[in-house]
Asker: 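My questions will all concern the structure given below.
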Amino acid sequence: MIILGIETSCDETAAAIIDANKIKKASKNANIFDVKVLSNIVSSQIEIHKQYGGVVPEVAAREHVPQILPVINEALASAGIKKENAASTIDAIAVTVGPGLVTSLIIGVESAKTLAYAWKKPVIGINHIEGHIYANFIARQEKIKFPAIILTVSGGHTILALMEKHGSIKTIGETRDDAAGEAFDKAAQLMGVGYPGGPLIYSYSLRHNKNKLEKINRLPRPMLKSNDFDFSFSGLKTALRYALENDKNWKKKIPEYAHEFQNAIIESLIIKTIKAAKKYKAKSVLLSGGVSANLGLRQQLESAVKNDLTCTDFFMPDLKYTTDNATMIATAGFFRLLKSKKHPWKNLNVNCNRKL
Ligand code: KG4
Ligand code: ZN
């Protein structure tokens, strides 16, 4: 099945083509799926939003307009599909309908609807978080066993979810205030190191000096003792602000503060994820979302799963599928199509507050 994916929920205009198929029955209840990526095009607006220190919704929407058709064209061309053959080659379109910035989402959704109408194809509306989760199913034939616990950490969301099977994903915990990625971005802003904060804090943290680390104020690990699977990161950002205010020489210790801040976030995420995996007897733990590009989080969660859980496999997406992309949206669309082929363009609408 050839699927065109489209993603415009925030500041990336993305389109991708996948060739996805059910290849065989691995056992009585399990299928093996083959998701091949034919093209993955992402046009990022980071350079534009950098000057404002974050994404400006109005600017993001305006930028999607001139980008969307060239990006879709490039996705078709890189997949070796001629424009005149698109209607006969593409089987379905999948597009992000929410959550996200409403004015940005509209550009992707209206483009997808127009193509679905012209090509007479089904168009599947995908939840952005579901898309991030399905980044784990790209180009991977091995079986992800259920139940799975999934930690999705992005600029807008921090969610722990329980996945019992395809099409059944339930939120069991989430952030009560800032998302983990948002916390990274705000911490980077406090220290004046630039935008987006996640990758910058990570690279600063690598330069930390062990001796200096002992001399800085330790930051709290939020919500560790709470009896649920929720997170909270806004207090951590305030704690960082006070720590910097109380340290005249903080500018000489940015790598140490970056390391401490990153560790506080990673520890909170890992402890709750392992706790959830134990409670729900998870056979797999999955990581997803833009913050899953963080090598510290990737390595530490992988070893926590190995050390603290028995008979549980760990999965994380390839780095290029961690931040926003359309391949993950097309992949989520493929699994929806297996359940039902009926997705008329008339039923498709943006839903910017959509829950999982
Ligand atoms: O998933 P994503 O591309 O967009 C949303 O759905 O929000 O995630 C973007 C977020 C930003 O907050 C960015 O700072 C964070 O992911 N991020 C990282 C890293 N790379 C991106 N956070 C920590 N470490 C990274 N290496
Ligand atoms: Zn995202």
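Every number for a ligand or one of its atoms is a count from 1 in the order of the listing. Just so you know, these numbers come straight off a predicted model, no measurement behind them.
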Asker: Please calculate the OD1(D324)-the Zn ion (ligand 2)-NE2(H128) angle and round it to 10 degrees.
Answerer: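 Result: 100°, to 10°.
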Asker: Is the distance between the ring centroids of F335 and F33 under 6.0 Å?
Answerer: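 Judged by ring-centre distance (under 6.0 Å), F335 and F33 do meet the cut-off.
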Asker: Determine whether the side chains of S234 and D178 contain a donor N or O and an acceptor N or O closer than 3.5 Å.
Answerer: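 Judged by distance alone, the side chains do not pair up.
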Asker: Do side-chain atoms of S9 reach the backbone of L105 as a donor and acceptor pair under 3.5 angstrom?
Answerer: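 Answer holds: no.
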Asker: Taking side-chain hydrogen bond (donor to acceptor under 3.5 Å, both in side chains) as the definition, give me every residue that meets it alongside E214, ordered by chain and number, with sequence neighbours left out.
Answerer: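 For E214 there are no side-chain hydrogen bond (donor to acceptor under 3.5 Å, both in side chains) partners, ignoring immediate neighbours.
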Asker: Is it true that Y257 and H208 have ring centroids separated by less than 6.0 Å?
Answerer: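 Ring centroids of Y257 and H208 are no less than 6.0 Å from each other.
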Asker: Report every pair formed by an N or O atom of ligand 1 and a protein N or O atom separated by less than 3.5 Å, giving atom names and the distance to 0.1 Å.
Answerer:
{"from": "ligand 1", "atom 1": "1 (O)", "to": "H132", "atom 2": "NE2", "distance (Å)": "3.0"}
{"from": "ligand 1", "atom 1": "1 (O)", "to": "G290", "atom 2": "N", "distance (Å)": "3.0"}
{"from": "ligand 1", "atom 1": "1 (O)", "to": "D324", "atom 2": "OD1", "distance (Å)": "3.2"}
{"from": "ligand 1", "atom 1": "3 (O)", "to": "D324", "atom 2": "N", "distance (Å)": "3.0"}
{"from": "ligand 1", "atom 1": "3 (O)", "to": "D324", "atom 2": "OD1", "distance (Å)": "3.3"}
{"from": "ligand 1", "atom 1": "4 (O)", "to": "D324", "atom 2": "OD1", "distance (Å)": "3.3"}
{"from": "ligand 1", "atom 1": "4 (O)", "to": "D324", "atom 2": "OD2", "distance (Å)": "3.3"}
{"from": "ligand 1", "atom 1": "6 (O)", "to": "H128", "atom 2": "NE2", "distance (Å)": "3.1"}
{"from": "ligand 1", "atom 1": "6 (O)", "to": "D324", "atom 2": "OD1", "distance (Å)": "3.4"}
{"from": "ligand 1", "atom 1": "7 (O)", "to": "G155", "atom 2": "N", "distance (Å)": "2.8"}
{"from": "ligand 1", "atom 1": "7 (O)", "to": "G156", "atom 2": "N", "distance (Å)": "3.2"}
{"from": "ligand 1", "atom 1": "8 (O)", "to": "G155", "atom 2": "N", "distance (Å)": "3.4"}
{"from": "ligand 1", "atom 1": "12 (O)", "to": "G181", "atom 2": "O", "distance (Å)": "3.2"}
{"from": "ligand 1", "atom 1": "12 (O)", "to": "D185", "atom 2": "OD2", "distance (Å)": "2.8"}
{"from": "ligand 1", "atom 1": "14 (O)", "to": "D185", "atom 2": "OD1", "distance (Å)": "2.8"}
{"from": "ligand 1", "atom 1": "14 (O)", "to": "G198", "atom 2": "N", "distance (Å)": "3.0"}
{"from": "ligand 1", "atom 1": "24 (N)", "to": "N294", "atom 2": "ND2", "distance (Å)": "3.1"}

Asker: Checking only N/O/S atoms, does H132 have one that is under 2.8 Å from the Zn ion (ligand 2)?
Answerer: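 Here the distance criterion (N, O or S atom, under 2.8 Å) is met by H132, so yes.
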Asker: Does L287 offer a backbone N or O that forms a donor-acceptor pair with the side chain of N136 under 3.5 Å?
Answerer: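 The answer is yes, because a donor-acceptor pair under 3.5 Å joins these two groups.
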Asker: Under the side chain to side chain contact (heavy atoms under 4.5 Å, CB included) criterion, do N294 and R298 qualify, and how do the steps go?
Answerer: CA-CA 6 Å; N294 186 289; R298 290 168 83 86; 5.9 Å; no
